[in-house]
Amino acid sequence: MSAFTEAQVTNAKQIAKMMVAQTNSPPSTIYTPGENINVMGMSIDSPEFWKGWMHNTCNAYANSAANLAMARTFVQPDEYGFVSQDNVARYFESLIQSMPQGNPLKSYANNAVALVALSGKYFEYDAESMALYTRFFAMTGLRLQRKYNTPTAVASVVRSALSFYMQNPDIAAETKNNIANAKDVGEKIVAYWNPFFVMVGTNFPYSSLAQLFTPNWKAFNDTLGVFYLFPEVLYPLRKLSTLLGFSMPQMMQDSNASEENFALFINNQIYGRLMQRESVGALIVFKRMAAMATEEGKGGTAKLALFFWHAMMEVKANPNSGWKQSIDDNFKQQFEIIAANQYQPRMFFWKGRLYGMLGLPTSTAGTAEWAAAFFDMLVWGYQLPANAMDLMYYKNVMQSDSSPGKFATFLDMLGSFWANMRQLNDTGVFVPGTGFAAGTPQALTIALFEHSDTPVFQAAAKRWMEFWGLSGGEEDIANRLVEWKKAMADKYQANVERMFPALANL
């Protein structure tokens with residue numbers, strides 16, 4: 001990124017300072033043990049109801065061993081903690097009968113089985129919801145069945161570890177001392193996680209986490225190594241590491257470490273912070289700044305203010321943070337690392353996610369390097385385990401795709417990519433007026449293939465063809481695409497005329 005003007009730096013700092021002053025600490029939970037939540041009047045199909053219900057039920061069981069024993073007689077967990085659907089329905093039937101008139105559960109008096117589905121609907125709604133559900137399962141001795149192979153699931157474990165150490169300062173202090181005295185990174189990681197997983201194995205015996213990852217939690221650490229740079233994991237992981245005095249860069253010193261990892265480390269720290277509830281105000285401000293980014297200089301000011309805000313929040317929480325020095329040199333090193341790696345597939349994706357979240361323009365969009373990076377990003381994405389079914393699907397449909405150059409398959413990929421990017425935004429839609437919101441996959445294909453005669457694009461296109469096992473060599477694709485598009489339009493018009501003959505001459 002080019003150097004910023006003095007005016008941009010001054011304005012960005014002022015904006016960041018204002019937002020830091022308005023970004024408060026995370027709101028304290030309303031789910032205080034022993035204090036019930038009023039769920040009367042709440043919609044039963046809402047996260048607020050089920051969080052309140054789980055909390056209140058745990059309070060009731062904590063105050064009465066008889067109530068807890070009675071609950072277990074209805075659900076009747078087996079020796080491994082599993083319960084049948086019918087027993088869960090009977091459990092809800094007993095609760096409905098005991099509830100006063102006006103309680104939302106009463107409306108399900110003749111349909112308790114519907115509550116079985118609703119009861120698990122909001123488990124992953126937010127970190128607070130997962131914590132309340134986990135407490136309920138632990139208290140009732142029911143199996144918490146879960147796969148820890150997604151960023152959301154791994155992040156929940158990291159947040160649980162953070163909560164565990166914060167609630168047990170003596171254990172946290174001892175762990176911090178053990179980490180400091182460890183001989184190497186391997187020993188530090190053992191000291192870091194062992195107290196938490198000992199607690200998990202002791203307190204949550206009927207859970208996938210305890211049964212699969214204790215006492216040997218190596219498999220979890222391996223999974224963490226896959227997801228630790230995802231923003232939802234990175235944010236609580238850095239807080240935990242700060243609490244325990246463990247430098248995150250040490251965790252990154254492995255065989256897979258690269259400069260791209262450090263670029264992601266910078267980008268996704270900011271992304272992760274923007275995902276937090278206490279950052280909603282800052283997120284709104286940055287979106288408004290991005291909306292004005294078409295004015296000269298405003299885009300650079302918005303990006304710089306974003307970095308200043310994050311750095312100032314870091315220093316506010318930890319005066320010894322390495323971000324303190326970066327504030328003084330206007331993030332020169334960070335921007336250099338990001339610029340040097342912006343076309344790497346993972347960085348290209350995550351930087352696009354961050355900018356898309358805010359509606360910020362990408363200064364390199366429309367260049368040959370950007371077009372080549374887009375194809376490389378797709379190749380990287382389809383190799384991810386989460387996209388294995390899509391990979392198999394598209395390799396299969398290519399066999400029957402008769403469009404020129406398998407272009408129909410490519411368009412379908414772009415359509416899916418468009419829908420996925422929209423859903424990944426925090427609001428579920430693109431920021432109005434931005435490239436994705438104003439454009440369509442057709443506009444993207446035009447921008448991409450505008451550079452088809454450049455070496456960097458041709459190299460990426462070759463990697464794309466090799467990945468999909470395409471031989472290439474088709475002649476006159478451009479003219480054949482024109483004919484293919486015209487054929488689609490003609491078929492549509494003919495179909496309309498058959499349905500509405502009066503429109504034949506329109």
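Neither side chain, Arg480 nor Ser403, offers a donor N or O lying under 3.5 Å from an acceptor on the other. No hydrogens or angles considered: a donor-acceptor pair under 3.5 Å links the side chains of Arg346 and Asn261. For the 3.5 Å distance criterion, the side chains of Trp323 and Gln269 qualify, holding a donor opposite an acceptor. In this model, no donor atom of one side chain and acceptor atom of the other lie less than 3.5 Å apart for Glu260 and Asn341.
A cation-pi arrangement, defined by a distance under 6.0 Å to the six-membered ring centre and an angle within 45 degrees of its axis, is present between Lys395 and Phe467.
Across all non-hydrogen atoms, the minimal contact from Met42 to Ile37 is CE-CG2, 4.3 Å.
Look at Asp126 and Arg277 and you find no salt bridge, because none of the NZ, NE, NH1 or NH2 atoms lies under 4.0 Å from a carboxylate O. Ion pairing of Arg143 with Asp78 is absent here, as no side-chain N (NZ or NE/NH1/NH2) approaches a carboxylate O to less than 4.0 Å. With respect to Arg273 and Glu278, no salt bridge is recorded, no charged nitrogen being found less than 4.0 Å from a carboxylate O.
Judged purely by atom type and a 3.5 angstrom limit, Ser46 uses its side chain to pair as donor or acceptor with the backbone of Phe49. In this structure, the side chain of Lys121 does not engage the main chain of Asp45 through any donor-acceptor pair within 3.5 Å. Judged by distance alone, the side chain of Trp50 and the main-chain N or O of Ile44 form a donor-acceptor pair under 3.5 Å. Judged by distance alone, the side chain of Lys406 and the main-chain N or O of Asp401 form a donor-acceptor pair under 3.5 Å.
Between Phe374 and Phe457, the distance from one ring center to the other does not fall under 6.0 angstrom. Proximity of the aromatic rings of Tyr271 and Tyr235 is defined here by a centroid distance below 6.0 angstrom, and this criterion is not met. Ring centroids of Tyr122 and Tyr133 are separated by 6.0 Å or more, keeping the two rings apart. In summary, the aromatic rings of Phe230 and Trp350 are positioned with their centroids under 6.0 Å apart.
Each of Ser156, Ser208, Ser207 was scored for a side chain to side chain donor-acceptor pair (under 3.5 Å) with Arg146, with one residue passing: Ser156.
In this pair, Trp468 and Tyr382 present their aromatic rings perpendicular. The plane angle is above 60°, beyond the 30 to 60° band. Between Trp53 and Tyr91, the ring-plane angle classifies as perpendicular under the 30° and 60° cut-offs.
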